[in-house]
Trainee: 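Questions regarding the structure given below will be posed in turn.
So you know, we letter chains A, B, ... as the sequences are listed, proteins then strands, and number each from 1. When reading the values below, keep in mind they use all heavy atoms of this one structure, side chains included, and skip hydrogens, waters and symmetry mates.
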There are 2 protein chains.
Amino acid sequence: MINGRFATVIHILTLLAQEEGALSSSYIAGSININPVLVRKEISVLRAAGFVVTQEGKNGGSSLAMPPSKIRLSDLYRVVYKEGLFAHSRNLPNQHCTVGKRIGVIMDGLNTEAEQALLKRFRSITIRDLLERV
Amino acid sequence: MINGRFATVIHILTLLAQEEGALSSSYIAGSININPVLVRKEISVLRAAGFVVTQEGKNGGSSLAMPPSKIRLSDLYRVVYKEGLFAHSRNLPNQHCTVGKRIGVIMDGLNTEAEQALLKRFRSITIRDLLERV
DNA sequence: TTGTTCTGTAATAAAAATAATTACAGAATG
DNA sequence: CATTCTGTAATTATTTTTATTACAGAACAA
């Protein structure tokens, strides 16, 4: 199971898609039930990726930078998970063993294949679709 | 990124497929470069699932219970990951918020869709295929 | 039979990853 | 110019993952 960032990001964007106007990090954090600072961190990633815009200062907050139908889960996956889906062993495998020597490359290959399958599916799901499921 | 068990299990089975005779947990651990107890734990899972057989006692060790071409990555995925691919937030989202109330179900749905895509791809990859990549 | 070398498993400790909290400067608004 | 937001760094706490220790039991060989 991979970390909760994907769920957090989806939750944030679905909220922004649903509610009128800009939402504060505290409000969003209250819905997800996590710390507002974490929300601000994820939002800063989403902002850098162009999905949200933020208004600083009093009455500030974030809102979507594009229609929810333009935000695909495949894009979000890429924003959140820079590394592959499956972890390598954190220790270097024995390089004197033929399997140990190649397992890294093999796992990288599997990662790529798995992600391609996943992304293919996620390219056709948008935040708008998720909003409909709410 | 999800934990390293999948990589560990694949490494174990590829080794067993490659080498002659039963392999001890220490030997396997030496190739993966992890603790032998971890190897024994994973092997006990693989044994329960019917993929390996183990000989206890002196000169003991494990070997494949079936030809490598019969062991599909989709089966291994199922053996290792009982929970979904994407974590829920570990805190319960705000149930008074429409999104918070539904996000769990929505994430479950995405998990299912993602896993189906993944498993579809992994059904056609076996340990034998990985052995060829070594 | 008895010593040796394996496994199985539980219990504990260490390390790493994740999340929460605290703190504070700066932006926008009324 | 006080208030209420954001951004970000730094620290602490929690959880997850991995490693280690310990020991009983199985199989074998001398």
Trainee: Is the B:F6 ring parallel, tilted or perpendicular to the B:Y81 ring (thresholds 30°, 60°)?
Mentor: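 Rings of B:F6 and B:Y81: tilted, 30 to 60°.
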
Trainee: Keeping A:R5 on the side-chain end and A:V80 on the backbone end, is there a donor-acceptor pair under 3.5 Å?
Mentor: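 Looks like yes, one N/O pair under 3.5 Å.
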
Trainee: Starting at CG of B:L46 and ending at P of C:dT7, how long is that distance when rounded to a whole Å?
Mentor: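 It works out to 14 Å between those atoms.
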
Trainee: Output the rounded distance in Å from CD (B:E42) to P (D:dT17).
Mentor: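 It works out to 12 Å between those atoms.
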
Trainee: Need to verify one output field. Residue with the more 5' nearest nucleotide on DNA chain C, B:S26 or B:N91?
Mentor: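 Going by which nucleotide is closer to the 5' end, it is B:S26.
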
Trainee: For A:N59 and B:L38, take the nucleotide of DNA chain D holding the closest heavy atom to each; which residue's nucleotide lies nearer the 5' end?
Mentor: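 The residue whose closest nucleotide sits nearer the 5' end is A:N59.
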
Trainee: B:E113 and salt bridge (charged side-chain N to carboxylate O under 4.0 Å, His left out): which single residue from A:R123, A:K120, A:R121 fits?
Mentor: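 Only one of A:R123, A:K120, A:R121 forms a salt bridge (charged side-chain N to carboxylate O under 4.0 Å, His left out) with B:E113, namely A:R121.
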
Trainee: Would you confirm whether A:E19, through its side chain, and A:A17, through its main-chain N or O, come within 3.5 Å as a donor-acceptor pair?
Mentor: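 No, A:E19 side chain to A:A17 backbone: no donor-acceptor pair under 3.5 Å.
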
Trainee: For B:K41 and D:dA22, what is the distance between atoms NZ and C1' respectively, to the nearest whole Å?
Mentor: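 About 13 Å, once rounded to whole Å.
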
Trainee: With a 4.0 Å cutoff (strictly under), does any side-chain N or O of A:N35 reach OP1 or OP2 of C:dT21?
Mentor: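 Checking C:dT21 against A:N35, a side-chain N or O does come within under 4.0 Å of OP1 or OP2.
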
Trainee: How close or far is atom C1' of D:dT6 from atom CG of A:L23, stated in whole angstroms?
Mentor: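 So the two atoms are 14 Å apart, to the nearest Å.
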
Trainee: Measure from CD1 on A:I43 to C1' on D:dT8 and round the result to the nearest Å.
Mentor: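 Distance check: A:I43 CD1 to D:dT8 C1' gives 14 Å.
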
Trainee: How many whole angstroms separate atom NE2 of A:H88 from atom P of C:dA16?
Mentor: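 Nearest whole value for this atom pair: 18 Å.
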
Trainee: Name the nucleic acid region contacted by A:I34, choosing base, sugar-phosphate or nothing; use a 4.0 angstrom heavy-atom cut-off, strictly under.
Mentor: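 Contact class for A:I34: sugar-phosphate only.
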
Trainee: Please compare A:P36 and B:R47 by the position of their nearest nucleotide in DNA chain C and report the one closer to 5'.
Mentor: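 Mapping each residue to its closest nucleotide by heavy atoms, the 5'-most match is B:R47.
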
Trainee: Could you tell me the separation between the NZ atom of A:K58 and the C1' atom of C:dG30, rounded to a whole number of Å?
Mentor: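 Computing the A:K58:NZ to C:dG30:C1' distance gives 5 Å.
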
Trainee: Using atom types as modelled and distance alone, determine if a side-chain donor or acceptor of A:R102 lies under 3.5 Å from a backbone N or O of B:R133.
Mentor: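 Judged by distance alone, yes, a pair lies under 3.5 Å.
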
Trainee: Reckon B:S25 touches a base, only the sugar-phosphate, or nothing at all at heavy-atom distances under 4.0 Å?
Mentor: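 The residue B:S25 makes sugar-phosphate contact but no base contact.
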
Trainee: Closest-nucleotide mapping onto DNA chain D: is A:V37 or A:Q55 further toward the 5' terminus? I mean the 5' end.
Mentor: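 Result of the comparison: A:Q55.
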
Trainee: Side chain of B:R90, heavy atoms from C-beta onward: which of C:dA19, D:dT8, C:dA17 has the nearest atom to it?
Mentor: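 Looking only at heavy atoms from C-beta outward on B:R90, the closest nucleotide is C:dA19.
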
Trainee: Rounded to the nearest angstrom, tell me the gap between atom CG in B:N33 and atom P in D:dT18.
Mentor: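 So the CG-P distance, B:N33 to D:dT18, works out to 13 Å.
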
